[in-house]
Amino acid sequence: RSVMVTARPVGYHGVDGSVWPLHGRYQGMEMGSKGVYLTSLYGFYHPVRVPLSQTPAYMRGAKPGPSKTDPSLIDAKIFTTADSEEEWEDVESAWWEAWSDDEDGLMVVGSRGGTFREQPVRLLKYPTEPFDFEPDDVFDWTMNLIAYSPGWRGPTLTSTWTQADPHMRFANPGDLDIWPQIAGWGRAGETINTLPDGIAGATVPFADVDFADGEHWLVDTDQLQLPIETVTETQAAARLAGLRFKYPIPKRTITPVEVPISISGATSETEITAYMIPLYKRPWG
């Protein structure tokens with residue numbers, strides 16, 4: 001039987017807010033409709049994993065340790081084109097305004113099944129200009145990109161605790177561990193006693209952290225981030241006395257797991273929402 005094959009969509013969201021369809025059909029735009037075509041990508045499929053080992057004295061061989069993930073280096077080949085030399089200059093100007101070597105843009109790749117994953121990328125270095133001739137209305141570039149936070153992000157999952165549905169559930173269909181974020185609004189007479197830590201039943205006490213009425217708060221369980229941010233209470237993190245979350249949501253937690261959360265004085269307006277962004281090693285598969 002004949003099968004119609006369409007190109008996998010690839011798009012780039014620039015640091016200036018612009019959106020570029022580079023391959024296939026992306027956000028309703030055909031590839032190259034803005035004058036830039038992607039011809040190849042190298043190094044974007046598998047992360048660079050480096051095995052670590054321990055070799056004590058007098059030991060035959062080595063003892064394997066946990067592998068570490070290096071930043072992903074991606075080479076992208078593109079060409080810019082336009083109907084006239086003047087328009088080509090405009091395309092070039094807009095394209096390079098969308099990139100930076102000190103700020104991330106977003107590379108987005110679609111699968112055959114219609115799902116999308118994204119990864120923040122920036123220029124590792126600006127390309128050397130190979131101008132051995134005067135460009136007219138087309139030019140090729142090889143772009144060296146880097147993802148300092150490697151991994152392809154899938155669609156965000158949410159779970160909301162309310163008085164009508166007093167349950168919170170964690171899930172992670174990705175193939176890398178993730179750290180959820182939890183957010184809500186402070187309300188008079190309401191106390192967040194504990195928040196969940198991982199999926200095995202552990203909790204982190206929060207009763208000593210006061211939130212002003214109507215104040216938005218955000219808890220980031222990632223150990224590399226400030227654990228809590230609020231609009232006005234700049235000392236909220238200090239009130240945790242150095243307490244940190246210990247457990248991520250394990251990879252391939254496909255079935256949502258109910259996790260413990262304790263709230264006193266909740267009303268019908270109380271909403272505590274967990275945000276989970278699955279993290280994958282590859283843009284599809």
**Q** Please report the shortest heavy-atom distance between Met143 and Trp99, naming the atom on each side.
**A**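 Here Met143 and Trp99 meet closest at CE-CE2, 3.5 Å.
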**Q** Which residues pass the side chain to side chain donor-acceptor pair (under 3.5 Å) test with Asp90, not counting sequence neighbours?
**A** none
**Q** Once rounded to the nearest 0.5 Å, what's the spacing between atom CD1 of Ile261 and atom CD1 of Ile192?
**A** 6.0 Å
**Q** Looking only at atom types and distance, does a side-chain atom of Thr221 sit under 3.5 Å from a main-chain N or O of Pro180, one as donor and one as acceptor?
**A**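 Yes; judged by distance alone, with no hydrogens or angles, the pair exists.
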**Q** Using the side chain to side chain contact (heavy atoms under 4.5 Å, CB included) rule, take Glu271 and Thr162 through it: C-alpha gap first, then chi angles, then the decisive distance, then the call.
**A** CA-CA 5 Å; Glu271 288 189 358; Thr162 65; 3.8 Å; yes
**Q** Within the 4.5 Å heavy-atom criterion, are Trp217 and Ile272 side-chain neighbours or not?
**A**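 Result yes, sub-4.5 Å side-chain heavy-atom pair found.
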**Q** Between Met29 and Trp20, is the side chain to side chain contact (heavy atoms under 4.5 Å, CB included) condition met? List the steps.
**A** CA-CA 9 Å; Met29 298 178 286; Trp20 298 81; over 6 Å; no
**Q** When you measure from the side chain of Trp284 to the backbone N and O of Thr115, does any donor-acceptor pair fall under 3.5 Å?
**A** no
**Q** Going from CD1 on Ile277 to CD1 on Ile178, what distance comes out if it is rounded to the nearest 0.5 angstrom?
**A** 8.0 Å
**Q** Quick check: do Thr80 and Trp88 have side-chain heavy atoms less than 4.5 Å from each other?
**A** yes
**Q** Under a 3.5 Å distance rule, please check whether Ser100 uses its side chain to pair with a backbone N or O of Asp102 as donor and acceptor.
**A** yes
**Q** Any donor-acceptor pair under 3.5 Å linking the side-chain atoms of Trp141 with those of Glu92?
**A**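 Yes, a side-chain donor-acceptor pair sits under 3.5 Å.
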**Q** Give a yes or no answer on whether the side chain of Asp177 reaches the backbone of Pro248 with a donor-acceptor pair at less than 3.5 Å.
**A** no
**Q** If you compare all heavy atoms of Arg153 against all heavy atoms of Pro120, which two are closest, and at what distance to 0.1 Å?
**A** NH1-CD, 3.5 Å
**Q** Using modelled atom types only, decide if a donor and an acceptor are shared between the side chain of Gln54 and the backbone of Gly65 within a distance under 3.5 Å.
**A** no
**Q** How about Leu73 and Val48: do any of their side-chain heavy atoms sit closer than 4.5 Å?
**A**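 No, too far: nothing below the 4.5 Å cut-off.
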**Q** Ignoring hydrogens and geometry, is there a side-chain-to-backbone donor-acceptor pair from Arg8 to Gly24 under 3.5 Å?
**A**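 Absent.
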**Q** Indicate yes or no for a side-chain donor-acceptor contact from Gln119 to the backbone of Gly151 under 3.5 Å, with no hydrogens or angles considered.
**A** yes
**Q** If you take all heavy atoms of Phe44 and Pro283, which pair is closest and at what distance?
**A** CE1-CG, 3.5 Å
**Q** Classify the ring geometry of Tyr12 against Trp95: parallel below 30°, tilted from 30° to 60°, perpendicular beyond 60°.
**A**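 The arrangement is perpendicular - the two ring planes meet at more than 60°.
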**Q** If only atom types and distance count, is the side chain of Asp175 paired as donor or acceptor with the main-chain N or O of Lys281 below 3.5 Å?
**A** yes
**Q** Is a salt bridge present between Asp104 and Arg122, judged by a nitrogen-to-oxygen distance below 4.0 Å?
**A**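 A salt bridge links Asp104 with Arg122.
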**Q** With respect to Gln181, which candidate in Thr273, Asp222, Asp220 satisfies the side chain to side chain contact (heavy atoms under 4.5 Å, CB included) definition?
**A** Asp220
**Q** Taking all non-hydrogen atoms of both residues into account, name the closest pair between His23 and Leu38 and its distance.
**A** CD2-O, 3.9 Å
**Q** Report the distance from atom CG of Leu123 to atom CD1 of Ile146, rounding to the nearest 0.5 Å.
**A** 11.0 Å
**Q** Quick one: do Thr270 and Gln163 satisfy side chain to side chain contact (heavy atoms under 4.5 Å, CB included)? Show the steps, please.
**A** CA-CA 7 Å; Thr270 301; Gln163 198 175 43; 5.8 Å; no
**Q** Using modelled atom types only, decide if a donor and an acceptor are shared between the side chain of Thr81 and the backbone of Asp137 within a distance under 3.5 Å.
**A** yes
**Q** Atom CG of Leu145 and atom CG of Asp101: how far apart are they, to the nearest 0.5 Å?
**A**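 Interatomic distance, Leu145 CG to Asp101 CG, rounded to 0.5 Å: 11.5 Å.
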**Q** Determine yes or no for a side-chain-to-main-chain donor-acceptor pair under 3.5 angstrom, with Gln223 supplying the side chain and Phe245 the backbone.
**A**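 Yes, the answer is positive, given that a donor and an acceptor are paired below the 3.5 Å cut-off.
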**Q** Does the pair Thr203 and Asp197 meet the rule for a side chain to side chain contact (heavy atoms under 4.5 Å, CB included), with working shown?
**A** CA-CA 5 Å; Thr203 61; Asp197 188 10; 5.7 Å; no
**Q** Can you tell me how far apart OG1 (Thr160) and CZ (Arg169) are? Round to the nearest 0.5 Å.
**A** 10.5 Å
**Q** Provide the closest heavy-atom pair for Phe170 versus Pro196 in the form atom of the first, atom of the second, distance.
**A**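 Closest approach of Phe170 to Pro196, heavy atoms only: CZ-CG, 3.6 Å.
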**Q** What pair of heavy atoms forms the shortest contact from Pro173 to Arg252, and how long is it?
**A** O-NH1, 2.7 Å
**Q** Compare all side-chain heavy atoms of His167 with those of Ser159 and state whether any distance is below 4.5 angstrom.
**A** no
**Q** Should Asp75 and Lys77 count as an ion pair when the cut-off is N to O under 4.0 Å?
**A** no
**Q** According to the interplanar angle, ranging from 0 to 90°, do the rings of His13 and Tyr26 count as parallel (below 30°), tilted (30 to 60°) or perpendicular (above 60°)?
**A** perpendicular
